Amino acid sequence: MSPSIIQVKKLSKSFGDRLVLNGINLVIPEGKITVIMGGSGGGKSTLLRHMVGLTKPDAGSIEIEREDIVRLAPEKMNDVRRKFGMLFQGSALFNSMSVFENVALPLREHTDLSDEIILIIVKVKLELVGLTGFEDFLPHQLSGGMRKRVALARAIALDPKIVFYDEPGAGLDPITASMIDQLILDLSQKLQITSVVVTHEMQSAFRIADQIVMLHKGKVLEVGRPEDIKTSSNPFVQQFIKGEHEGAIPFRQTREAYLKGLLET
Amino acid sequence: MKIHQRQDKGVQIYEVEGEINFHNSPDLRDRLHEAIARREQKILIQLRKVSYIDSSGLATFVEALQKTKKYQGHLVLTELMPAVKSVFEIAKLDGIFSLAGSLESGLNLLRSPG
């Protein structure tokens, strides 16, 4: 396995009395695609928000290239942030700005590069995501899949070592979602980017992952290669893969939790 | 990043050393613009000591190529390390540059007529 680029150690986080992350330990190998899987409310988006420094944990550490970002001063965090790009779930493009301006934004904000150089970089990035010639379009003139590709071009504008993807296939039809998967694979391999993908889509995970991390109730249930996960004997993992509503994962909260919830509100 | 500059029989040679990145590529750009402002006909950039180049470095070379072509000048890049060459290939720009494997063949490219 490759050396690790991110190490998460004993990470815990509660919102109110709800323990969302419960002592997560995780190693993300460099240059590989790690997919974090799990059901809604399993903690995967919260874990992602911690890894990009948007949320602080109650306990534990997150080391990115051996630097603990939990305890980093805000100005130093900016340096670390330059190492990674993020693809947000809703693409998060600025609707009033052209495709070119959207992709150029991080270059304008984080570098002193001239307009001429930025123009060339944006053209190269757009070519990498297959959108040469779309510089002057506005986001609303593009399809959902194309918007996602613009967002991806923006995420890689600063040549990040790591790209985080939050539900990259969300809201896309299966064919477009699979095209985005192919793009994630291409970019990871060509640019040797470390990819961390949060998704609940099994097919997508099996298509792109070098490593799959299964989260359930804020804990790491299982870590392995796609083939290991497919053949896992863990009933929770199997239920998730098959998408069955009956199984180890309860469909409803227990009667006790229901009554407790009712009486305490 | 360091830039060593020398002349060799009408060829302006720049030898770059170190990483070319967002921080220092503007310096490289300034140096190349000096040569471009003088309308140097033959520019050779040696990259044998460049271990890494990012998008801004790549863009700097693309711009230099555009500008030299405008006045019919010639730009050659030599001795690219594999990691650097692959950056050109990924961006599909290896075809538009004159790339040479050695200093000698780079000089020959510039000295050959046409």
Side-chain angles (χ1 to χ4, degrees), chain A residues 30-31 65 78-85 100 103-133 135 152-163 182-195, chain B residues 1 3 14 16 18-37 45 47 50-71 73 75 77 80-97 99:
Chain A
E30 186 169 9
E65 293 197 308
N78 270 337
D79 292 339
V80 177
R81 277 219 176 95
R82 280 194 46 166
K83 288 183 190 168
F84 56 75
F100 170 80
V103 179
L105 199 65
L107 295 159
R108 294 232 161 96
E109 284 206 342
H110 293 281
T111 73
D112 299 320
L113 297 172
S114 67
D115 288 347
E116 293 90 338
I117 295 296
I118 288 177
L119 176 67
I120 296 168
I121 295 176
V122 172
K123 286 189 170 189
V124 170
K125 302 294 173 180
L126 286 176
E127 170 62 23
L128 283 174
V129 299
L131 284 179
T132 289
E135 287 86 342
L152 192 46
R154 184 179 61 186
I156 59 170
L158 289 167
D159 297 340
K161 296 182 82 166
I162 309 166
V163 178
Q182 192 55 48
L183 204 51
I184 296 172
L185 271 173
D186 275 0
L187 292 177
S188 300
Q189 284 162 3
K190 280 186 192 165
L191 309 177
Q192 283 153 5
I193 290 176
T194 303
S195 303
Chain B
M1 180 193 69
I3 304 167
Y14 294 89
V16 189
E19 283 193 0
I20 308 177
N21 57 39
F22 285 111
H23 297 294
N24 59 32
S25 68
D27 300 336
L28 175 63
R29 183 173 185 247
D30 289 346
R31 294 290 289 275
L32 294 176
H33 276 201
E34 288 167 16
I36 288 163
I45 303 170
L47 295 173
V50 173
S51 53
Y52 171 82
I53 174 172
D54 73 6
S55 298
S56 73
L58 184 72
T60 301
F61 290 134
V62 171
E63 189 199 32
L65 183 69
Q66 290 169 347
K67 288 186 186 286
T68 47
K69 279 198 164 172
K70 272 192 188 143
Y71 62 81
L75 176 78
L77 308 178
L80 282 70
M81 288 169 82
V84 171
K85 194 165 185 206
S86 72
V87 172
F88 283 81
E89 288 166 355
I90 290 159
K92 300 176 193 151
L93 294 172
D94 50 322
I96 66 161
F97 279 95
L99 305 178

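For clarity, every value in this text was computed on a predicted model and none was experimentally measured. Sequence lines set the chain letters: A, B, ... in the order given, protein chains first and strands last, and positions in each chain run from 1.
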With a 4.5 angstrom heavy-atom cut-off, could you sort out which part of K125(A) is near chain B: side chain, backbone, both or neither? side chain

F84(A): what forms a ring pair (Phe, Tyr, Trp, His ring centres under 6.0 Å) with it, not counting sequence neighbours? F164(A)

Taking heavy atoms only and a threshold strictly under 4.5 Å, list by residue number the residues of residues 84-93 of chain B that touch chain A; give 'none' if the list is empty. I90(B), A91(B), K92(B), L93(B)

Set out, in order, the CA-CA distance, both residues' side-chain angles and the distance that settles side-chain contact (heavy atoms from CB on, under 4.5 Å) for Q66(B) and I120(A), then state yes or no. CA-CA 11 Å; Q66(B) 290 169 347; I120(A) 296 168; 4.2 Å; yes

Per-residue tally against chain B (heavy atom, under 4.5 Å) across D159(A), L119(A), I156(A) peaks at D159(A)

Closest heavy-atom pair and its distance - A59(B), I121(A): CB-CG1, 3.6 Å

Rounded distance (nearest 0.5 Å) linking atom CG of D54(B) with atom CG of L158(A): 9.0 Å

Output the residues of residues 103-116 of chain A for which the shortest heavy-atom distance to chain B is under 4.5 Å, in residue-number order; output 'none' if no such residue exists. L107(A), T111(A), L113(A), S114(A), E116(A)

Tell me every residue that passes side chain to side chain donor-acceptor pair (under 3.5 Å) with E65(A), counting only those two or more places apart in sequence or in another chain. K83(A), K161(A)

How many angstroms lie between CD1 in I117(A) and CZ in F22(B), if you round to the nearest 0.5 Å? 11.0 Å

